[in-house]
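Along the sequence shown, the residues carry numbers beginning at 1.
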Amino acid sequence: GDVFAALLNKSSHVPYRNSKLTYLLQDSLGGDSKTLMFVNISPSEVDTSESTSSLMFASRVAKVELGKASKKGDSAEVARLSKALK
């Protein structure tokens, strides 16, 4: 929640290091990347609070605008692997 709150508020500091997941995804969450989030919920009554929590988090994340994505050129590694596949 901290990272998405900072992104939503366009804070000058985004605490990516508060979570291992956001630290690993910081290149995808900041700047010129497109990011897609899937939320899994359960139809079971015993999972109602977890499903509600997940949906509330997803609604907060949906409000974050990361900016327009831009295409970067392929890195040398991507080019090498693409050539190897052909």
OH on Tyr16 to CG on Leu25, rounded to 0.5 Å
10.0 Å

Using only atom types and a distance under 3.5 Å, with no angle test, would you say the side chain of Ser53 pairs donor to acceptor with the backbone of Ser49?
no

Here the gap from Arg80 atom CZ to Leu85 atom CG, rounded to the nearest 0.5 Å, amounts to 10.0 Å

Considering non-hydrogen atoms only, spot the tightest contact between Val3 and Pro15 and give its length.
CG2-O, 3.3 Å

Starting from Leu7, can I reach Tyr23 by hopping between I/L/V/M/F/W/Y residues whose side chains sit under 4.5 Å apart?
no

Correct closest heavy-atom pair for Ala6 and His13 would be CB-O, 3.7 Å

Would you say that Arg60 contacts Phe57 through its side chain, given a criterion of any heavy-atom pair below 4.5 Å between the two side chains?
yes

With rounding to the nearest 0.5 Å, note down the distance linking CD in Glu50 to CG in Asn40.
11.0 Å

Neighbour count >12 (heavy atoms, 6.0 Å) for atom CE, Met56
no

